[in-house]
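To find a chain, count down the sequence lines: A is the first, B the second, and so on, and within it residues start at 1.
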2 protein chains.
Amino acid sequence: MIRLLLADDQALVRGALAALLDLESDLTVVAQVGRGDEVVEAARESGADVCLLDIEMPGLTGLEAAELLRSELPGVRSLIVTTFGRPGYVRRALDAGAAGFVVKDTPARELADAVRRVHAGLRVVDPTLAAESLMAGPSPLTARETEILRLALDGSPVATIARAAHLSQGTVRNHLSSAIGKTGASTRGEAARIAQSRGWL
Amino acid sequence: MIRLLLADDQALVRGALAALLDLESDLTVVAQVGRGDEVVEAARESGADVCLLDIEMPGLTGLEAAELLRSELPGVRSLIVTTFGRPGYVRRALDAGAAGFVVKDTPARELADAVRRVHAGLRVVDPTLAAESLMAGPSPLTARETEILRLALDGSPVATIARAAHLSQGTVRNHLSSAIGKTGASTRGEAARIAQSRGWL
DNA sequence: ACCTGGGGATGACACCTGTCACGAGTCGCG
DNA sequence: CGCGACTCGTGACAGGTGTCATCCCCAGGT
């Protein structure tokens, strides 16, 4: 019997996934959490074998939770289950120690198999996604450019970004200009969206 | 036995919801679709009593699908099940003939009850959401402002928006300026995000 | 010691944006 | 009819933005 932990911030989705997986005779859901920072504790207390982690959660992201799990509970395997198949996410998930990566577009019947493969020590990655991840390659953005772009995501004016990053407006504009060039965009808004869609932020 | 149709673009969520609802002895899922424009046909063929509709779907939105259902199959009731509890969505959902509105944050065990209430002819709306919907009020934006703002959502420059809307750049800037004023924003990007968060787009 | 690359900053320039004033056409309503 | 609301447009202006050249400092390689 494989013991599962579910982490997803949407209670309805969490409960529904639990119902789906509990239908399988060899799987049982032993814990459910709605925040990333509750994953490790719940996994320890429940004695889970495999953790299904959504990426976008309050507290900690699923990627960060996977990293914590690897260091705190090395015997527990993580399977990322997320809405967004951003190329950069796959690489970061595997770097963070996740054993699998599944998008919520995949057919429901395949999820249980993915869980079993992960539990068996195999890596599970959507082949289409894996290809995209290789095509897109790693982020060409420097650390600072990434940070500035993230602050520019909501369309804030340069002055606001500069204050938030403790930089001069000129420097911010230089970093943005560089990021715009690297993403092939023509405005910072477009650059930010491109970078996000590639999972670089 | 209440016959259900599920419409959600994420196959995994769709399948999981089906598993959850099929656990109830008085409910049965008779159809599943991943696109808004397949809802009416599937509902007709399957003889569904209640349709659970996600809002964000390819083809047609859940709100548009609900409107079509009301005119084509008046006996079928719609229950909107969505991620976003945007105030404007609730009003538009009820205007579109939906019998209920539930966000994906609600506990899983409440969903079946919501379905039963809707089937019984009652209206089901999250009370917190209903209050927010009344507070926010209707959209203050004119038709054109709404359209222009929607085009500005992705941060396109004025020139691009003007071409897309077949308008002069000056007119676009005027509409945007007006929308910025009405939303209390200071850039078109911020205005667009505010309007979207209120469900005005 | 030298070169390279990232980070930080400045100043200048062309261009884009947000705002305002103003005008003109259409439509519905009292 | 007159009025108001919406739409479309122009022109002008201040301020924000993107680009570029040019510095400085510092950490790693060679």
Under 3.5 Å, is there a donor-acceptor pair linking the side chains of Glu190(B) and Ser186(B)?
-> yes
Between CD of Glu147(A) and C1' of dG6(C) the distance, given in whole Å, is 14 Å
Which nucleotide in dA21(D), dT10(D), dT17(D) has an atom nearest any side-chain atom of Asn174(B) = dT10(D)
dG9(D), dG18(C), dG16(D): which one has an atom nearest the side-chain heavy atoms of Ile180(B)?
-> dG18(C)
Out of dG18(C), dG18(D), dG6(C), minimum distance to the side chain of Arg173(A) belongs to dG18(D)
Output yes when at least one side-chain N/O atom of Ser168(B) is less than 4.0 Å from OP1 or OP2 of dC8(D), else no.
-> no
Do Glu147(A) and Arg150(A) meet the salt-bridge criterion of a basic N to acidic O distance under 4.0 Å?
-> no
Quick one: label Thr171(A) by what it contacts on the DNA or RNA (base, sugar-phosphate, nothing), any heavy atom closer than 4.0 Å.
-> base
Regarding Arg92(B) and the six-membered ring of Tyr89(B), is the cationic atom NZ or CZ under 6.0 Å from the ring centre and inside 45° of its axis?
-> no
How would you label the contact of Arg144(B) with the nucleic acid (heavy atoms, under 4.0 Å): base, sugar-phosphate, or nothing?
-> sugar-phosphate
Taking only N and O in the side chain of Thr142(B), is any of them less than 4.0 Å away from OP1 or OP2 of dT7(D)?
-> yes
Please report, rounded to the nearest Å, how far the P atom of dG5(C) is from the NZ atom of Lys182(A).
-> 12 Å
Closest to the Leu167(A) side chain: dG8(C), dT17(C), dC6(D)?
-> dG8(C)
Please report, rounded to the nearest Å, how far the P atom of dT7(D) is from the CG atom of Leu176(B).
-> 13 Å
When you measure from the side chain of Ser46(A) to the backbone N and O of Ala42(A), does any donor-acceptor pair fall under 3.5 Å?
-> yes
Just checking, any donor-acceptor pair under 3.5 angstrom between side chains of Glu56(A) and Thr83(A)?
-> no
Contact class for Ala143(B) vs. all strands (heavy atom < 4.0 Å): base, sugar-phosphate, or nothing?
-> sugar-phosphate
Would you kindly give the CG-to-P distance between Leu151(B) and dT17(C), to the nearest whole Å?
-> 14 Å
Ranking dT19(D), dC20(C), dT17(C) by distance to the side chain of Ser177(A), first place goes to dT19(D)
Rounded to whole Å, the CD-P distance (Gln169(A) to dT10(C)) equals 10 Å
Report the distance from atom CD1 of Ile161(B) to atom P of dC16(C), rounded to the nearest whole Å.
-> 14 Å
Provide, to the nearest angstrom, the distance between the NE2 atom belonging to His175(A) and the C1' atom belonging to dT19(D).
-> 15 Å
Of Pro140(B) and Ala159(A), the one whose closest nucleotide on DNA chain D sits nearer the 5' end is Pro140(B)
Check the distance between dG18(C)'s C1' and Ile148(B)'s CD1 and give it to me in whole angstrom.
-> 15 Å
